Structure formats: structure tokens, C-alpha cells
Amino acid sequence: MAELLPYVDVTEFQFLFALLCIVFNPLFWNLVARWEYRTHSLTSLFGSPYTACYSLGTVLLFLAIFRSHCFTEAMKTQPRLDALETPGVYYLGLMMIGVGAILVVSSFLALGFVGTYLGDYFGILMEKKVTGFPFSVMENPMYWEALLTYLGLALMSSSPAGLILTAVVALTYKVAILFEGPFTENIYRKKEESEKRK
């Protein structure tokens with residue numbers, strides 16, 4: 001990544017704003033979801049855990065769209081790298097976006113809206129862990145989808161800035177997983193303990 005830095009103006013506004021959006025989104029959803037889990041404030045506000053979850057999910061969906069917009073705008077303001085401007089790199093990027101699309105659609109179909117958008121933090125728990133595709137081949141497929149999509153966009157745009165921003169996405173998701181994984185496992189562990197006591 002260090003060899004890409006001469007091709008990127010890291011002080012440019014669009015780049016910095018995209019960076020902020022990339023870091024903000026998982027921070028926001030983790031903080032809000034944990035707050036909801038501990039206080040049930042959104043459930044109280046909306047009168048139902050389902051309505052609250054759908055409302056938060058809608059906000060998160062719009063934040064994801066906005067982040068993607070900022071990502072593409074940041075790439076437009078930065079230089080392109082001639083070494084990446086080949087048909088092979090372009091089609092590799094396109095293929096990554098295609099694989100990402102398969103991952104996000106299949107994940108969404110397996111989890112549903114509520115499962116995708118933190119329903120377990122609202123007390124809406126799945127009966128059992130989802131183990132079908134794509135969860136049968138990888139953990140956190142939606143994070144992999146985002147990573148593949150951003151990497152694909154960066155390659156198709158021959159954008160060193162896009163590659164650096166993709167690395168930030170990967171790092172941000174790695175940190176998010178360290179917090180989310182154990183917390184979510186604890187939610188389901190408590191569910192199992194509660195069911196055993198019945």
C-alpha cells in the first residue's frame with residue numbers, strides 16, 4: 001500500500017470524507033445496536049422491536065448507499081494509475097463486484113431484513129444459527145461482499161485512492177468483527193441458558 005501513497009492526495013476533502021464515512025458506519029451501528037440491546041430505547045420509541053429494527057435498518061441502508069457514493073466520488077477526484085488500466089484488471093474488478101452481489105443477495109435471503117439489520121440486538125433472535133450458503137463457506141459474508149465490491153470498483157476505476165480506501169474498509173470491518181462477534185455470541189448464549197432453565 002505504501003507504494004500507492006504518491007498517487008493519492010490524502011488531504012483532499014472527498015478522500016477524507018469517504019474515509020470518515022467508512023469508519024463512521026460500523027461505529028454507528030455497533031454503538032446504536034448495543035445501546036438498544038441495553039436500554040430498549042428504540043423499541044420504546046417505536047412501540048415494537050420490529051418497527052425499531054426496520055427503522056434502524058433503513059437508516060443503515062441509506063448510510064451504506066451514502067458511503068458508497070462518497071467512495072466513488074473520492075476516486076473521481078484522485079489520479080488514476082496507468083498500470084491498472086488494462087482489460088484484465090477491469091474484468092477482475094467486475095468479477096469481484098459480481099461475486100460480492102452473489103454474497104449480499106444470498107446472505108440477505110438467508111437472514112432476512114431483521115437478521116441482516118441487527119434484529120438480535122432488538123431481542124428478535126433467530127431460531128438457530130444460519131449455516132446455509134454463503135455462511136457455509138465463510139463467516140461474515142456481507143463484510144466480504146462490501147470488501148469485494150469496493151475492491152472491484154477501485155480496480156475498474158484504476159484508482160490507487162480506491163485501493164487505499166478499500167484497505168481502510170478491510171481494517172474497519174476487522175475491528176468491527178472483534179467487537180460484534182463475541183457480543184452476538186453472548187446474546188445467543190444467554191438465549192440458550194434461558195431456554196435450559198425453562
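Computation of the quantities below employed the complete heavy-atom set of this structure, encompassing side-chain atoms and omitting hydrogens, waters and symmetry-equivalent molecules. Computed from a predicted structure; not experimentally measured.
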Regarding Ser157 and Ser159, do their side chains bring together a donor and an acceptor under 3.5 Å, going by distance alone?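 No donor-acceptor contact under 3.5 Å links the two side chains.
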
Any [X] side-chain heavy atom under 4.5 Å of [Y] side chain:
X	Y	value
Phe15	Ile164	yes
Ile102	Phe133	yes
Val104	Thr149	no
Met126	Leu111	yes

What pairs meet the ring-ring contact (aromatic ring centres under 6.0 Å, His included) rule with one or both residues in residues 34-53, with sequence neighbours excluded?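 For residues 34-53: Tyr37-Phe183.
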
Which pairs pass ring-ring contact (aromatic ring centres under 6.0 Å, His included) with one or both residues in residues 78-113, sequence neighbours excluded?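 Listed by first then second residue: Tyr54-Phe113, Phe113-Tyr117.
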
Nearest 0.5 Å please: distance from the [atom1] atom of [X] over to the [atom2] atom of [Y].
X	Y	atom1	atom2	value
Gln14	Met75	CD	CE	12.0 Å
Asn140	Lys174	CG	NZ	9.5 Å
Thr86	Leu84	OG1	CG	7.5 Å
Leu61	Phe66	CG	CZ	14.0 Å
Leu118	Arg34	CG	CZ	11.0 Å
Phe122	Ser48	CZ	OG	10.0 Å

Applying the side-chain contact (heavy atoms from CB on, under 4.5 Å) criterion to Pro26, which one of Leu31, Thr172, Ile177, Leu63 satisfies it?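 The single option meeting the side-chain contact (heavy atoms from CB on, under 4.5 Å) with Pro26 is Thr172.
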
Nearest heavy atoms of [X] and [Y], plus distance in Å:
X	Y	result
Gln78	Ala161	CG-CB, 3.4 Å
Ala154	Gly162	CB-C, 3.4 Å
Glu85	Ser158	CG-OG, 2.9 Å
Ala18	Leu165	CB-CD1, 4.0 Å
Glu36	Thr43	OE2-OG1, 2.5 Å
Gly119	Cys53	CA-SG, 3.7 Å

Is it the case that more than 12 heavy atoms not belonging to Phe17 sit under 6.0 Å from its CZ atom?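 Not more than 12 within 6.0 Å, no.
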
Taking CH2 in Trp29 as the centre, count heavy atoms belonging to other residues, nucleotides or ligands within less than 6.0 Å. Is the count above 12?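 Enclosed: over 12 neighbouring heavy atoms sit under 6.0 Å from CH2 of Trp29.
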
Should [X] and [Y] be counted in the same cluster of Ile, Leu, Val, Met, Phe, Trp and Tyr side chains packed under 4.5 Å apart?
X	Y	result
Val23	Leu178	no
Phe179	Trp144	no
Val99	Met138	yes
Leu60	Val175	no
Val89	Leu94	yes

Verify side-chain contact (heavy atoms from CB on, under 4.5 Å) between Leu148 and Ile97, making sure each step is shown before the conclusion. CA-CA 6 Å; Leu148 286 170; Ile97 291 172; over 6 Å; no

Of all pairs that satisfy side-chain hydrogen bond (donor to acceptor under 3.5 Å, both in side chains), the ones with a partner from residues 59-77, not counting sequence neighbours: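 Output for this query lists Glu12-Thr77, Arg67-Tyr150, Arg67-Tyr173, Ser68-Tyr150, Glu73-Lys76.
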
Begin from the C-alpha positions of Leu163 and Leu155 and carry the test side-chain contact (heavy atoms from CB on, under 4.5 Å) through to its verdict. CA-CA 8 Å; Leu163 294 174; Leu155 292 175; 4.1 Å; yes

Given Val32 and Val59, is the side-chain contact (heavy atoms from CB on, under 4.5 Å) satisfied, shown in steps? CA-CA 11 Å; Val32 171; Val59 169; over 6 Å; no

Could you tell me whether a side-chain N or O of Thr184 sits under 3.5 Å from a main-chain N or O of Gly181, the two making a donor and an acceptor?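 Checked: no pair found.
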
Let me see the working for Ser55 and Leu42 under side-chain contact (heavy atoms from CB on, under 4.5 Å), right down to the final yes or no. CA-CA 9 Å; Ser55 299; Leu42 291 175; over 6 Å; no

